[in-house]
Amino acid sequence: MKHLLSIESLSADEILACVDLAATMKSARGAHTPQPLDGQCWALIFSKSSTRTRVSFEVGIRELGGSPMFLAAADIQLGRGEPIRDTARVMGRMLHGAVIRTFAQADVEDFAHYGGIPTINALTDDEHPCQVLADLFTMREKLGSIGDRTVAFIGDGDCNMARSWLWAAKRLGFRLRVAAPAMYQPSKEYLTRVDAPNISVTDSIEDAARGADVLYTDVWVSMGKEEEAAYRMAQLSGYQIDSKLVGLAAPGAIVMHCLPAYRGKEISEEALEAHADTIFTQAENRLHAQKAVMALLVDSPA
Ligand code: CP
Ligand code: NVA
């Protein structure tokens, strides 16, 4: 693994290697020898807001012996129109790794190509691979397994999180049910590209939730879609995880949310608080999963 650009680009073995090493990172926290990023400087180049991703990478890079450098895209020449490929060629000569949060998936891929240093997608409009790796790790911690489980993704089924879940289901073989109104379902073209018989799409949240082991949701208005907020709220109202929906899921089902959460929108206050331990463990596990990813990237043969 030279970069983490998407879940699509990972094999099942690579995903499971990240999950396994995340577990080791979690249990060995505070006692990391050797330190795989010793003497390295990694940039965090962010064009969108972040709490969890920024904090977990800054802490994780330090815990692995490296130094993080946070760069708001608007503060560097990238924000004034310098091409991503030139930014990458400059940074690739000085830095040891890059963590990028932006809009276009192509920008992360171009950075990886031109920079020649390990590059991590910290969220694009297409995918959020770091979150799904942490989620898979959390799912295994809480349920003991992944491949034999059923996940129901409720809400905006065409967002970055939903897409990363589609690829995770394709690779690992668990059942994935996406429940969304027609206009926020994954497109037929995208589903054809994923081509996984274990994935189904419905407009019924009840059908998706019935007997599921995991109920998952994400915000209705992803970053960059703010102008569509009122319309999205109207279209997606009703696509909420609440206690009644949780009651349809399998006994012992868990509720997951990548956060930030908007109570009363994609999740009820009651459902969030009842499942807060799982949801905030997901947030914590970002740290452990991303340390695993970085350790695997620097360990990768050139
Ligand atoms: N889940 C997630 O990526 O959170 P942030 O936007 O706060 O980084
Ligand atoms: N789909 C959300 C995820 C936030 C972590 C967004 O892109 O804003």
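Indexing begins at 1, ligand by ligand and atom by atom, following the structure's order.
The shortest heavy-atom distance from Leu259 to ligand 1 is under 4.0 Å.
The heavy-atom pair separating Gln290 from Cys130 by the smallest distance is OE1-CB, 3.5 Å. Listed here is the closest heavy atom pair of Ile146 and Phe174: O-CB, 3.3 Å. For Ala253 against Ala212, the heavy-atom pair with the smallest separation is CB-O, 3.5 Å. Considering all non-hydrogen atoms of both residues, Cys159 and Phe153 come closest at SG-CZ, 4.1 Å.
Ligand-side atoms of ligand 1 in range of Arg286: 1 (N), 2 (C), 3 (O), range being under 4.0 angstrom from any heavy atom. Counting the atoms of ligand 2 from 1 in the order shown, those under 4.0 Å from a heavy atom of Met223 are 6 (C), 7 (O), 8 (O). Taking every non-hydrogen atom of Cys258 and a distance limit under 4.0 Å, the qualifying atoms of ligand 1 come out as 1 (N). Close approach of ligand 2 to Val219 is summarised as follows: ligand atoms under 4.0 Å from at least one heavy atom of the residue are 2 (C). Near His128, the atoms of ligand 1 lying under 4.0 angstrom from a non-hydrogen atom of the residue are 2 (C), 3 (O).
Between Trp167 and Tyr190, the ring planes are perpendicular. Angles over 60° get that label, and only those under 30° would be called parallel.
Contacts of Leu259 with ligand 2, taken as heavy-atom pairs under 4.0 Å, involve the backbone alone. In Asn160, the part holding a heavy atom less than 4.0 Å from any atom of ligand 2 is the side chain. With a 4.0 Å heavy-atom cut-off, ligand 2 is reached by no atom of Asp156. With a heavy-atom cut-off of 4.0 Å, Gln282 does not touch ligand 1 at all.
Results of the side chain to side chain contact (heavy atoms under 4.5 Å, CB included) test with Ile154 over Val178, Ile267, Ile241 single out Ile241 as the only residue that passes.
With hydrogens left out, the protein atom closest to atom 4 (O) of ligand 1 is Arg52 NE, 2.8 Å, a heavy atom. For atom 7 (O) of ligand 1, the closest heavy atom belonging to the protein is Thr51 N, 2.7 Å. Among protein heavy atoms, atom 6 (O) of ligand 1 sits closest to Arg101 NH1, 2.8 Å. What sits closest to atom 4 (C) of ligand 2 on the protein, heavy atoms only, is Leu123 CD1, 3.9 Å.
To the nearest 0.5 Å, atoms CE (Met233) and OG (Ser237) are separated by 10.5 Å.
Between Arg101 and ligand 2, a contact under 3.5 Å exists for no N or O pair. An N or O contact shorter than 3.5 Å is missing between His128 and ligand 2 by distance.
The option with the heavy atom closest to atom 8 (O) of ligand 1, from among Val219, Asp135, Thr53, is Thr53.
Checked by atom type, the side-chain pair Asp135/Thr138 shows no donor-acceptor distance below 3.5 Å. A side-chain donor-acceptor contact under 3.5 Å links His257 and Glu266.
Taking the six-membered ring for Trp, Trp220 and Tyr262 have ring centres at least 6.0 Å apart.
By the 4.0 Å N-to-carboxylate-O rule, Asp125 lies too far from Lys225 to be salt-bridged with it.
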